[in-house]
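Report on one structure; see the data block that follows.
FYI, side chains are in, hydrogens and waters are out, and symmetry mates aren't considered; it's all heavy atoms of this structure.
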Amino acid sequence: MAQGTVQVTHGGASRWRRRSGEYPTLSAALAAAGDGDVLSIAPGTYRENLVLHHAVTLRGPEGAAAGSVRIAPLDGVALTVRASAVVQDLHLEGAGRAAPALLVEDGCPELSDLRVHTRSSAGIEVRGGARPLVRRCTVENPAGVGISVLDGGGGVFEECEVVAAGQAGVSVRGGHPRLERCRIHHATGAGIAVTGEGSGLEALGCEVYEIKGSGVQIAARAAARLTDCAVHRTSADGVTLDTDAVLTLAGCDIHDIPENAVDLRSRSVLTLSRSTVRRFGRNGLSVWDPGTRVDAESCEIHDSTGDYPAVWISDGATVSLDSCRVHDVPDALFVLDRGSRVDVVDSDLTQVRNTAVSVSDGAGAQLDDCRIREAGTGAWFRDHGSGGTLANCTIDDVQSGVIVTKGADPVVERCTVTSAAEAGFYVSAGGRGTFTACRVSGSSGFGFHVIDGCRTTLSRCHTERCARGGYEFAEDGPVAEGCTGDEPGPRLGARAAAGDVPAGAQPVVRAAAVPGPAGAPAAMPGQRPSDPGAPGAGDAADAGAVRGSGEVLGQLDALVGLDSVKREVRALTDMIEVGRRRQQAGLKAASVRRHLVFTGSPGTGKTTVARLYGEILASLGVLERGHLVEVSRVDLVGEHIGSTAIRTQEAFDRARGGVLFIDEAYALSPEDSGRDFGREAIDTLVKLMEDHRDAVVVIVAGYTEEMERFLTVNPGVASRFSRTITFGDYGPQELLRIVEQQAEEHEYRLGEGTGEALLAYFTELPKGPAFGNGRTARQTFESMVERHAGRVAQLAEPSTDELTLLFPADLPALSAPC
């Protein structure tokens, strides 16, 4: 394109000024023009380096095609602006690698509809006291920075676009620009970079995307504010803050980030409001170092695509969440290291695959009026020095509500756990904790499960409809005051005072031999807790008194029902015994795989039979001790890659010489497992069973259909187990027999017609998912005792018969089908 002419229209009022005219070059026209003059440039390519010293208007011809006027010098800056000029509709091409294509050094010029294409240090550079208004300009600079604002420069950029940059799309060092409705994409290094003390940036309605690097970088005491902006599709972190950086994000959307959505370090401060962080590969918020802080209000963090916590707080950092939502993530909040802290108010943590709140290594957490739903673990205080407060929180539909381990000491006040698959509150391994006015309802495990002698304090807590019992305490551990439940009373440890037990209940000292939220169940109907082999009794092998197989089999035969189970166990025992005798006679013995699968509904005696099976094998010399170690998913599955194998190994080691009983084993392979670590537990277990086949007997247990699915997960699982034993539901006659045993045990008698009424009651009783078999029979007896007490308490001087006889009127009402 040939160079055209330049028409200068004189805008001044002085008579001595040269009149308007046409000039062959831009330089000549500019030499003649003064403030207020308009320079209309004909289409063409101008190989000139232009410098504007006056407040002129420099524009392409009206109606000409975009790019018809090209300012393309052979070297150096295409256009330098040192006045409050107006520049419109030009195509600028830079040629010097060390110089920008457009340099604004002074004044408040208006630059609009420019297209800047260069391979130089910067497309547009603003420095000094310049404050340009830049509208609808496009910058393409594959070799350097798109827009650079330096050394006190500023200005407003409206509806501008950086379409490509070899370095940062927008770089600010010592300047203070404002970006409005701009788009920055296909940059390398960072979309927006603000660096250095005194540097600042404000962005409104901007979009940063397709960045090979971080979307936004604020560093070295710089500050920025982004409002209603979007950052997405970066190759590194979405937003990074480092070394005393300060950033405010209001109404922003950060999404589709392969690394951390937001990463803060070295005393940086981030304020978030009405913002969304979603679809991130590592942490949604990654916060490090003392003095580093995040304050978030009305924000949402969700849809993690990786295996990392949504919010990571470590090395003394602090995060505050107010009215926020965190959901669809592997873990919600991970707080670790002394001095680290999270404060959460009126927020929702939902659909969390592992742990909603994890506190470790001396960190602290304060949660007030929060809601945790659909999580593996609601809150886990992991180790010594870790603690904080949970107040007025609800935890629903989780595996375990709150776990406290290894010396952690939180305060939990007025919190409610509902529908936990395992324990509502679980304390083990030297954990402590103070629980005040907390409630557990609808747990499939225990309400409060405290083992290993943990010195936990419970005050005014309440449990109801907990399948395995409201309270399960180890001796010499917890203190309970004013605790209640819908069972006759909590099983309180040796430190509990008798006066703290609800009326009509007696404190029971339970030495829990088995760790894990699923813990040991209540004694089977018809057994005393002190009976050898009954749950809660000291393991015979541990006490050094291994009973003979005949005695243990006799106890098995004494259990109500379970006829097919007894036959299976006897057949297996006979095989082992005959094999032992053949070996003693010098004959080959058939190989008997001792690992078993127990299937059936809750309350059918699976744990009791497993314990007796261990004793039988010890009496036959097959196992060294015969003790039972009961675990469930929470004991085996860790929070991070590698931790599951360690936990599984530890559980296996505790069971050496005895039986490892995995209750609800199907939970290790959920149907929607995705990246679930349960598979790692299964793989580790299979290898251990092969490497130490004679050291431990493994029994996996659970519902029939779920266990059938579990056995297909790993090709090696099914081959490791010799047989499946099915525990059928108890029939009405068997349930009646259990109640009769309970009555005999507690010195009650069934009055006339009571047996028939119980039989009819158990026949009509709905057999839904909540039906507990033997546990239901025991609970029925306990309800009858309560109703009997309410009736007899009104008598002035009841007779012995009145104190002992139970009548049909004492039966509880039938509940609706589940």
The criterion is ring-ring contact (aromatic ring centres under 6.0 Å, His included); which residues satisfy it with H788, sequence neighbours excluded? Y748

Tell me, please, which residues at least two apart from F425 pass ring-ring contact (aromatic ring centres under 6.0 Å, His included). F435, F448

Which is it for I395 and T418 under the side chain to side chain contact (heavy atoms under 4.5 Å, CB included) test, yes or no, and what are the steps along the way? CA-CA 6 Å; I395 303 174; T418 57; over 6 Å; no

Nearest-0.5 Å distance, [atom1] of residue [X] to [atom2] of residue [Y]:
X	Y	atom1	atom2	answer
L735	R737	CG	CZ	13.0 Å
E740	Q733	CD	CD	8.5 Å
E464	S441	CD	OG	5.0 Å
L806	Q742	CG	CD	11.5 Å
E630	D635	CD	CG	9.0 Å
F446	Y426	CZ	OH	11.0 Å

Looking only at side chains, do [X] and [Y] share a donor and an acceptor under 3.5 Å apart?
X	Y	value
T405	W380	yes
T804	R749	yes
T436	E413	no
S632	D663	no

With sequence neighbours excluded, residues passing salt bridge (charged side-chain N to carboxylate O under 4.0 Å, His left out) with R373: none

For E734, what residues pass the salt bridge (charged side-chain N to carboxylate O under 4.0 Å, His left out) criterion, not counting sequence neighbours? none

Residue list, side-chain contact (heavy atoms from CB on, under 4.5 Å) with [X], at least two apart or on another chain:
X	result
L811	A757, L758, Y761, T780, M784
C370	V344, S347, L367, C393
A760	none
V597	T599, V700, M707, L711, F721, T724

Side chain to side chain donor-acceptor pair (under 3.5 Å) evaluation trace for D397 with S419: CA-CA 5 Å; D397 194 12; S419 303; over 6 Å; no

Among all residues two or more places apart in sequence or in another chain, which pass the side-chain hydrogen bond (donor to acceptor under 3.5 Å, both in side chains) test with [X]?
X	result
D653	Q649, R656
R414	N392
T416	none
E802	S799

Any salt bridge between R791 and D810, counting N to O under 4.0 Å? yes

With a 4.0 Å cut-off, would you call E782 and R778 a salt bridge? yes

For the pair F473 and Y471, name the ring-plane relationship: parallel under 30°, tilted 30 to 60°, perpendicular over 60°. perpendicular

